[in-house]
Amino acid sequence: MAVRVTRRDFLNGMAVGVGASLIAPGELLAQVDPTLATSAVSSSYYPPTLTGMRGSHPGSFEVAHALAWGGQKPAEYKALDEHYDLVVVGAGISGLAAAWFYRKKMGPDARILMLDNHDDFGGHAKRNEFHHGGRMVLGLGGAQNLEMPDYYSLIAAGLLADLGIDTDAMGANIADDFAMANMESNNALALPGKDGHVTVGGNWLLSMHGMGDYKGMVRALPVAADEQDKLIALFGGDKDYLDDLSLGDKYDYVTTVSYSRFLVDRVGLVADTLPMLDAILRIGNGFTGWNHSVLEGIAGGAPGLRGMGWVGGMVHSLAASAASSYEVCYFADGNASVARLLVHKLIPAVAPEASGFDDIATSRFRYAALDRDYSATRLRLNSTVVGVRQFDDVNVEVDYVQDGNALRVTGKHCILACYNGLIPHLCPELPDRQKEALRYGVKVPLVYANVLLDNGRAFSKLGANLVTCPIDPFTMLSSAPPTTTGGYEPPRGPDDPMVILMMASPTPEPTGDESVRDLLRIGRHKIYATSFDTYEQQVRDQLQSLLGQHGFDHETDIRAITVNRWPHGYAYWYMALDDPEWPEGQAPHEIGRAQFGRISIANSDSEARAYMDAAIEAGWRAVTEQTLRS
Ligand SMILES: Cc1cc2nc3c(=O)[nH]c(=O)nc-3n(C[C@H](O)[C@H](O)[C@H](O)COP(=O)(O)OP(=O)(O)OC[C@H]3O[C@@H](n4cnc5c(N)ncnc54)[C@H](O)[C@@H]3O)c2cc1C
């Protein structure tokens, strides 16, 4: 009999989220009882172990959607007897960093409240924690790693130092064969075949750049021989595909023509082959080669640089040497450990016995300690902010809905570390030009499923712990990060339970004249319209086809599935084919983040850069703005 994935998660998610999540938005607001006080959290509340639909989980988005889609919010609020020095909206990395910077500057007695609509803190930096066979197995629910931390600004690097994060140790603690951190390590390509997937071993991501036995890898692919010839020529740089163009025209071409158009028109590939080459773009950036310029596609890791004549050859050598210094650092639960370290610094009572970096992975947090009136810093979950306004020279009112209750707190300052797109609804008093700028970007939707397996025997037979599956619903599969950082003990071998991370991008290819922002909106709606059952079926089908030939049986081997859906994922950054070159200081994110009296704007959206260091820097900027005034 199949070990079905339970809906405990789903039900628990409802219980710890707003109890009204099955109610239509209008009904939900009609129920608000302004006399109720804030709700307490029980000692068993521990969202990292919830499975099923996570990320933007049921209960987290309904209130915000009622506001953004229908302009609905409660008419009355219960004013709590709570006044803070700083109220932060959003407890992702940016909001947490802002709270930390503020506290560092203003001292430990500064009264800070963080509000977040999710049932867990961290924003995209979420932890998935499984327990099976007497072991704890961790997975990352969103933001993965510290990318090139040596290049972080002094602000972002300083925060890592405050948290005791040792990136050298992190580099040493991760298994060498973890391909998401080590480009030299094996990573395979798998295509559906009539008896299950055909997996081609080797190093696909480097083969695409003409390295290693790229010809052998291509010849093993189940694609037509003449298509293989074209791939070999492309990867090896046998041909200059732009040889009819002058140097200047080449530059124009690579910055104004889409990467996919280049593959079809210049390389002569058929449409069916393109997903093999742009899979890395779909997962890395969130959309296909049709929405990247040639230059952006190649910069994102897709092949073709060597086919640009001598310029390409030269740049390729430079890129190869730069790649050798490329460094990413992983915690076992991704950047959730950074969020946890921040929360632990701000509210030590969540884990009084924890020391910090050395045992962060294994520390179980007491969520009941997050929001206690004896603590100067408080973090309140399941709380969606619906209105923020400065009501006199020195005070800001913040309205929010928690568990169906409409509540109000006040603060001397407010930092909006939430989504740019929602801010015009929270602060309708902002200037029209600023509101328009805030609405410009569309966040990039992504889905990360973590699948707990009874053991890793079948997966280990693939000979690579990263597999590109270009034709499947989940485009890339990897083991969860096998690292000992933070005191974690990763699976000791194939007999131990393991977690497979399965990554998907819902954003479709353009069918006509849609801009990338139109497509991102379609991708976002697709996420909301896809049920957990559908994802579960996709996971089972894909894993069975990939691993069945190695003895895998999805009915017995899959022990839990957590689908982390991020309809509002990466911050939007500007793309050459869609966005103009804005004059200095006039890009939408720069106009949008202007300080508005006692309200400042943080979040990675305000930097137009979907990275942790951007989120941290945004938090710093917002705190600096607010602390320059009394
Ligand atoms: C799948 C995925 C993978 C990623 N991988 C990486 C990576 O490997 N490395 C990297 O550097 N970056 C990565 N990122 C980028 C990531 O977004 C940033 O690194 C960073 O975590 C963003 O933090 P933030 O605080 O700016 O935003 P968020 O993490 O989005 O936090 C904002 C919080 O505010 C909440 N909020 C919004 N509106 C309201 C409201 N009205 N009331 C209350 N709360 C509200 C949100 O729900 C959220 O919890 C990834 C992102 C995604 C989605």
Side-chain angles (χ1 to χ4, degrees), residues 55-57 60-68 73 87-99 113-126 140-149 152 156 180-181 283-286 328-331 334-336 338-339 342 379-388 398-402 414-423 425-427 443-450 481 501 503-505 527 564-573 601-619 622:
S56 185
H57 58 80
S60 66
F61 54 86
E62 293 80 351
V63 172
H65 285 180
L67 176 64
K73 60 179 181 173
V87 179
V88 181
V89 180
I93 294 288
S94 196
L96 293 166
L113 174 69
M114 290 168 277
L115 296 163
D116 197 281
N117 58 315
H118 289 103
D119 61 18
D120 199 356
F121 58 79
H124 296 147
K126 285 280 186 337
L140 54 88
Q144 296 201 8
N145 57 47
L146 284 58
E147 188 165 329
M148 306 281 278
Y152 275 17
M180 292 208 297
I283 292 308
N285 293 347
V328 287
C329 294
Y330 278 88
F331 289 94
N335 293 353
V338 180
L342 273 163
L379 198 165
R380 192 162 293 160
L381 296 168
N382 302 306
S383 299
T384 305
V385 172
V386 291
V388 177
V398 179
D399 300 337
Y400 67 98
V401 177
Q402 184 193 38
C414 181
I415 289 178
L416 301 175
C418 53
Y419 306 150
N420 267 6
L422 193 64
I423 292 175
H425 302 284
L426 305 184
C427 305
K443 289 171 88 66
V444 177
L446 288 164
V447 178
Y448 281 10
N450 277 314
L501 169 66
M503 296 166 266
S505 159
I527 287 191
N564 301 277
R565 59 176 186 186
W566 296 112
H568 302 275
Y570 293 155
Y572 184 76
W573 63 96
I601 295 174
N603 191 284
S604 50
D605 289 351
S606 70
E607 298 289 317
R609 228 160 47 80
Y611 290 99
M612 186 169 77
D613 54 320
I616 294 169
E617 285 161 18

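Order of listing sets the numbers, starting from 1, for every ligand and every atom in it.
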Participant: Going by the rule side chain to side chain contact (heavy atoms under 4.5 Å, CB included), which residues pair with A618 if we only count those two or more places apart in sequence or in a different chain?
Facilitator: S94, A602, S606, E607, R621
Participant: If you look at every heavy atom in H124 and G569, which pair is closest and at what distance?
Facilitator: CE1-O, 3.1 Å
Participant: Show the distances, to 0.1 Å, for all pairs joining an N/O atom of ligand 1 and a protein N/O atom that are shorter than 3.5 Å, listing one pair per line.
Facilitator:
from	atom 1	to	atom 2	distance (Å)
ligand 1	5 (N)	Q144	N	3.2
ligand 1	8 (O)	Q144	N	3.0
ligand 1	8 (O)	N145	N	2.9
ligand 1	8 (O)	N145	OD1	3.3
ligand 1	9 (N)	N145	O	2.8
ligand 1	11 (O)	M612	N	2.7
ligand 1	12 (N)	A610	O	3.4
ligand 1	17 (O)	H124	ND1	2.7
ligand 1	19 (O)	M612	N	3.0
ligand 1	25 (O)	I93	N	3.2
ligand 1	25 (O)	S94	N	2.8
ligand 1	26 (O)	N603	ND2	3.4
ligand 1	26 (O)	S604	N	2.8
ligand 1	26 (O)	S604	OG	3.2
ligand 1	27 (O)	N603	ND2	3.2
ligand 1	29 (O)	H124	N	2.8
ligand 1	30 (O)	H124	NE2	3.4
ligand 1	36 (N)	N117	OD1	3.3
ligand 1	41 (N)	V385	O	3.0
ligand 1	42 (N)	V385	N	2.9
ligand 1	44 (N)	N117	N	3.3
ligand 1	44 (N)	N117	OD1	3.3
ligand 1	47 (O)	N117	OD1	2.6
ligand 1	47 (O)	H118	ND1	3.1
ligand 1	47 (O)	Y419	OH	3.3
ligand 1	49 (O)	D116	OD1	3.2
ligand 1	49 (O)	D116	OD2	2.7
ligand 1	49 (O)	H118	ND1	3.3

Participant: Testing I601, L426, V88, V385 one by one against C418 for a side-chain contact (heavy atoms from CB on, under 4.5 Å), which residue passes?
Facilitator: L426
Participant: Where do D116 and H118 land on the side-chain hydrogen bond (donor to acceptor under 3.5 Å, both in side chains) test, with the steps shown first?
Facilitator: CA-CA 6 Å; D116 197 281; H118 289 103; 3.2 Å; yes
Participant: Does atom OH of Y152 have more than 12 heavy-atom neighbours from other groups under 6.0 Å away?
Facilitator: yes
Participant: Does a side-chain N-to-carboxylate-O contact under 4.0 Å join D605 and K443?
Facilitator: yes
